[in-house]
Amino acid sequence: GENVEQHPSTLSVQEGDSAVIKCTYSDSASNYFPWYKQELGKGPQLIIDIRSNVGEKKDQRIAVTLNKTAKHFSLHITETQPEDSAVYFCAASPSGNTPLVFGKGTRLSVIA
Amino acid sequence: NAGVTQTPKFQVLKTGQSMTLQCAQDMNHEYMSWYRQDPGMGLRLIHYSVGAGITDQGEVPNGYNVSRSTTEDFPLRLLSAAPSQTSVYFCATRDRTNSPLHFGNGTRLTVT
């Protein structure tokens with residue numbers, strides 16, 4: 001089955017700097033790659049997603065890149081702000097109506 | 001439109017007790033699922049359902065039962081709670097393959 005590895009597990013950046021979180025997946029048939037943000041005491045919320053026919057997607061300060069050949073995808077957050085502090089999860093979806101497989105998460109701290 | 005509602009928010013059980021975690025959604029999503037979140041382990045799938053009357057096991061199903069008699073509800077039952085089931089439980093739904101998951105705000109369960 002699909003396996004998703006996520007790095008780093010913790011990340012601290014200064015406010016205004018960029019943050020990058022990387023994930024690799026094992027199933028070459030996976031075709032949907034969402035990113036979720038989880039704030040304290042809440043459930044994860046989708047922040048951006050990318051499908052396998054696209055190499056890059058951007059939404060304001062957040063971007064995701066996908067390298068299908070290398071089977072890895074990354075989340076980029078520019079001009080970080082204290083409210084970006086949270087746990088971030090990547091996930092991959094094998095083909096068909098099968099469940100998402102999540103990485104173990106990255107705790108991002110933005111230091112003011 | 002409440003989205004995904006989980007009850008209770010907090011629960012303390014003694015070893016051997018039983019309980020049901022409730023999940024209800026008002027988005028008419030066919031797909032519903034249960035995850036548990038433990039420190040350093042990310043989100044692990046317990047059970048999922050692709051429609052009323054259909055359920056399937058995820059990565060960590062042992063000790064949990066589910067049923068799906070309606071589109072709206074997907075309860076998770078612990079028949080005999082164990083300390084290893086201390087965790088935060090999330091219900092998540094989506095309307096079709098490769099669409100975003102919508103999470104509830106979780107139930108924090110402690111088994112003593």
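Values below: every heavy atom of this structure, side chains too, minus hydrogens, waters and symmetry copies. Letters A, B, ... are given to chains in the order of the sequence lines, protein chains preceding strands, and every chain is numbered from 1.
- For B:Gln37, the part lying near chain A is the side chain, with the backbone staying farther off; criterion is any non-hydrogen pair under 4.5 Å.
- Residues of residues 7-19 of chain B placed with any heavy atom under 4.5 Å of a heavy atom in chain A are absent; none qualify.
- Under the 4.5 Å side-chain heavy-atom criterion for ILVMFWY residues, a single connected hydrophobic cluster contains both A:Leu46 and A:Phe89.
- In this structure, A:Gly43 and B:Phe90 approach most closely via the heavy-atom pair CA-CE2, 3.4 Å.
- Linking ILVMFWY residues whenever their side-chain heavy atoms come closer than 4.5 Å, directly or via other members, leaves B:Tyr35 and B:Val4 in distinct clusters.
- A:Tyr32 and B:Ser99 get closest at one heavy-atom pair: OH-C, 3.7 Å.
- In the hydrophobic cluster analysis, where Ile, Leu, Val, Met, Phe, Trp and Tyr join through side-chain heavy atoms closer than 4.5 angstrom, B:Val88 is grouped together with B:Leu43.
- With hydrophobic clusters built from ILVMFWY side chains whose heavy atoms lie under 4.5 angstrom apart, A:Ile48 shares a cluster with A:Ile21.
- More than 12 heavy atoms of other residues, nucleotides or ligands lie within 6.0 Å of CD in A:Glu83, so this atom counts as buried by the packing criterion.
- Put simply, B:Ile46 and B:Met41 are part of two different groups of oily side chains (I, L, V, M, F, W, Y) that touch within less than 4.5 Å, one to the next.
- Contacts of A:Tyr36 with chain B are made by side-chain atoms alone, with heavy-atom separations under 4.5 Å and no backbone atom involved.
- Across all non-hydrogen atoms, the minimal contact from A:Leu100 to B:Arg94 is N-NH1, 4.3 Å.
- There is no contact between A:Arg107 and chain B, counting heavy-atom distances below 4.5 Å.
- Of the two parts of B:Leu45, only the side chain, counted from C-beta on, holds a non-hydrogen atom closer than 4.5 Å to a non-hydrogen atom of chain A.
- From A:Phe102, atom CZ reaches atom CG of B:Leu101 across 5.5 Å, with rounding to the nearest 0.5 Å.
- Neither the backbone nor the side chain of A:Pro34 comes within contact range of chain B; no heavy atom of the residue lies under 4.5 Å from a heavy atom of that chain.
- Environment of CD in A:Gln45: sparse, with no more than 12 heavy atoms of neighbouring residues, nucleotides or ligands closer than 6.0 Å.
- One distance of note links CD of A:Gln38 with CZ of B:Phe103; it measures 8.5 Å at 0.5 Å rounding.
- When heavy atoms are compared at a cutoff of 4.5 Å, A:Gln6 does not approach chain B at all.
- Take A:Lys104 and apply the salt bridge (Lys or Arg N to Asp or Glu O under 4.0 Å) test, not counting sequence neighbours, and it matches no residue.
- Counting heavy atoms of neighbouring residues, nucleotides and ligands inside a 6.0 Å radius, atom CZ of B:Arg108 does not exceed 12 of them.
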